[in-house]
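Letters go in sequence order (proteins before strands), and every chain restarts at 1.
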Number of protein chains: 2
Amino acid sequence: MVDAIEDGASEDTEGEPLLLSERIRNALTDEIAAGELLPGAALDEQQLANRFGASRTPVREALRQLAVSGLVDIRPRRGVVVARMTPERVMEMFETVAEIEALCVRLATYRMTPAERGRLLELHDEASRAAEAGDVDAYDGINAAFHEALYNATHNEFLAEQAIGLRGRLNGFRRTQLRHKDRLDRSIAEHGAILAAIAEGDGDTASRRMRAHMLNAAIALRRYLEDR
Amino acid sequence: MVDAIEDGASEDTEGEPLLLSERIRNALTDEIAAGELLPGAALDEQQLANRFGASRTPVREALRQLAVSGLVDIRPRRGVVVARMTPERVMEMFETVAEIEALCVRLATYRMTPAERGRLLELHDEASRAAEAGDVDAYDGINAAFHEALYNATHNEFLAEQAIGLRGRLNGFRRTQLRHKDRLDRSIAEHGAILAAIAEGDGDTASRRMRAHMLNAAIALRRYLEDR
DNA sequence: CATGAGCTATATGTATACATGAGCGACTGA
DNA sequence: TCAGTCGCTCATGTATACATATAGCTCATG
């Protein structure tokens with residue numbers, strides 16, 4: 001069961017020795033977002049400490065931080081569990097993210113540089129190719145890059161940070177609903193429509209289309225969840 | 001220098017013995033929001049532990065959590081400081097909050113119940129009276145209640161939580177700029193205009209007016225900051 | 001006099017130890 | 001057989017102890 005965190009093997013080529021508590025936090029964040037740790041699962045401090053080859057102290061700090069992010073729930077003296085989310089709450093989160101994305105697109109339309117616009121088109125093309133190839137994982141990554149590029153194009157760093165944070169909390173759900181090939185194709189088409197509005201400098205239209213795009217994804221997810 | 005946290009004397013009539021780390025977190029949150037701890041101020045763990053009559057452990061947990069909220073910056077192995085925000089970042093935060101409030105008002109317009117609408121009008125009247133009386137502190141409180149009532153009227157709990165959290169991070173700045181009597185009067189008038197649009201069920205207009213309202217506040221703040 | 005290397009003091013990061021309340025099972029009584 | 005209480009166990013909450021990197025000082029050198 002021991003799989004102490006291998007340092008830097010993944011991508012952190014920088015030799016910077018990350019704080020133990022941060023590495024634990026990152027690891028848990030990933031596992032929750034990826035759905036490996038299911039909502040409601042109990043997170044025993046000592047157990048996690050053993051798993052990460054650390055003491056309880058950094059584990060506790062990581063858990064406390066995750067609680068602020070909303071990824072876990074802490075019941076004082078009763079332990080920590082992965083945040084259990086009702087379908088209603090998930091839909092609320094989707095609506096919120098949809099609105100945030102919509103407002104990001106509106107601002108981005110008016111503020112983005114030509115280079116940023118070019119980058120978006122590039123990403124859109126890449127996504128289309130990945131979709132045609134049926135490479136869902138590649139599409140996932142490109143899609144994330146696409147949305148982040150939009151956040152950054154608002155030229156409001158704070159807003160972009162908030163948007164990225166919110167988006168991350170939906171990762172665990174988003175992946176499931178994109179398995180449907182037709183949903184993936186529609187997603188591409190919707191991106192295209194958003195870009196068209198951006199090209200015309202029509203922020204309001206782009207915004208409305210983005211909202212619809214996100215809500216479509218939410219509806220697809222709900223349908224998927226109900227099917228089970 | 002000792003002022004260990006008196007428990008429950010303030011409002012927590014419930015005899016629930018809050019976790020030490022939570023009480024420290026709340027206390028620090030308040031002090032930062034109130035501007036008692038100035039941006040850039042170093043937060044020494046041992047010092048805080050002494051001040052609160054606790055050990056470093058709960059203090060550390062509190063600081064870690066505040067870092068996630070963005071209220072403090074942690075430089076690994078180099079200590080914790082109250083988040084130092086550039087004027088640019090403050091303006092970005094204001095813009096973000098303005099946009100969030102705007103979208104809340106839009107949703108709220110379409111979704112609020114008659115009772116919620118009535119409550120808003122009530123709060124508006126109270127605020128007007130407080131403004132006439134020149135009671136800035138009372139106005140502060142009523143104003144916060146007004147905005148929170150709007151968040152809740154979106155009937156999207158998640159969104160409301162996010163909005164409240166964001167708003168809280170601007171508290172330290174907001175208070176300074178409302179000292180100007182005329183700004184306070186204009187604020188009341190702007191609230192009235194927003195309510196008028198809500199009454200007509202015109203979410204878009206209400207939204208635009210709210211955005212303008214928040215940005216006016218931001219401009220007033222910037223002017224205030226530049227004056228010093 | 002300025003600059004930089006080296007040392008020391010100290011605060012942070014982590015581990016371990018102790019205190020306390022929650023959860024659970026056994027036992028008693030009906 | 002079942003309900004209720006008692007007491008035990010263990011995880012959490014807090015305190016303390018130890019390891020280590022950073023910051024500031026001293027002192028030597030250009």
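With hydrogens and angles disregarded, no donor-acceptor distance shorter than 3.5 Å links the side chain of B:S187 to the backbone of B:R183.
Listed candidates were C:dG21, D:dT14, C:dT12. Nearest to the side chain of B:P58 is D:dT14. For B:R56, the listed nucleotide lying nearest its side chain is D:dA17; candidates were D:dA17, D:dA21, C:dA15. Closest to the side chain of A:D44, from the set D:dA11, C:dT14, C:dA11, is D:dA11. Listed candidates were C:dT16, C:dT12, D:dT14. Nearest to the side chain of A:S55 is C:dT16.
As rounded to whole Å, 15 Å separates atom C1' of C:dA9 from atom CD of B:Q46. Rounded to an integer number of Å, the gap from CZ of A:R64 to P of C:dG13 is 17 Å. One interatomic measurement links the two molecules: CG of A:L43 to P of D:dT12, which rounds to 9 Å at whole-angstrom precision. Rounded to whole Å, the distance from CZ on A:F52 to C1' on C:dA15 is 17 Å.
Where A:R78 and A:T57 meet DNA chain D, the nucleotide closest to each residue was compared, and A:R78 sits on the side nearer the 5' end.
At least one side-chain nitrogen or oxygen of B:R60 sits closer than 4.0 Å to the OP1 or OP2 atom of C:dG13. Here B:R23 does not reach the OP1 or OP2 of D:dG13: none of its side-chain N or O atoms lies under 4.0 Å away.
When heavy atoms are screened at a 4.0 angstrom cut-off, A:I74 is found touching no nucleic acid atom at all.
Heavy-atom contacts from other residues, nucleotides or ligands closer than 6.0 Å to CD of A:E157 number 12 or fewer.
Using a 4.0 Å cut-off between a side-chain N of Lys or Arg and a carboxylate O of Asp or Glu, B:R106 and A:E99 qualify as a salt bridge. One finds no salt bridge joining B:R211 and B:E101 here, because no Lys/Arg side-chain nitrogen approaches an Asp/Glu carboxylate oxygen to under 4.0 Å.
The partner of D:dA19 is C:dT12, judged by Watson-Crick or G-U wobble contacts that both fall below 3.5 Å.
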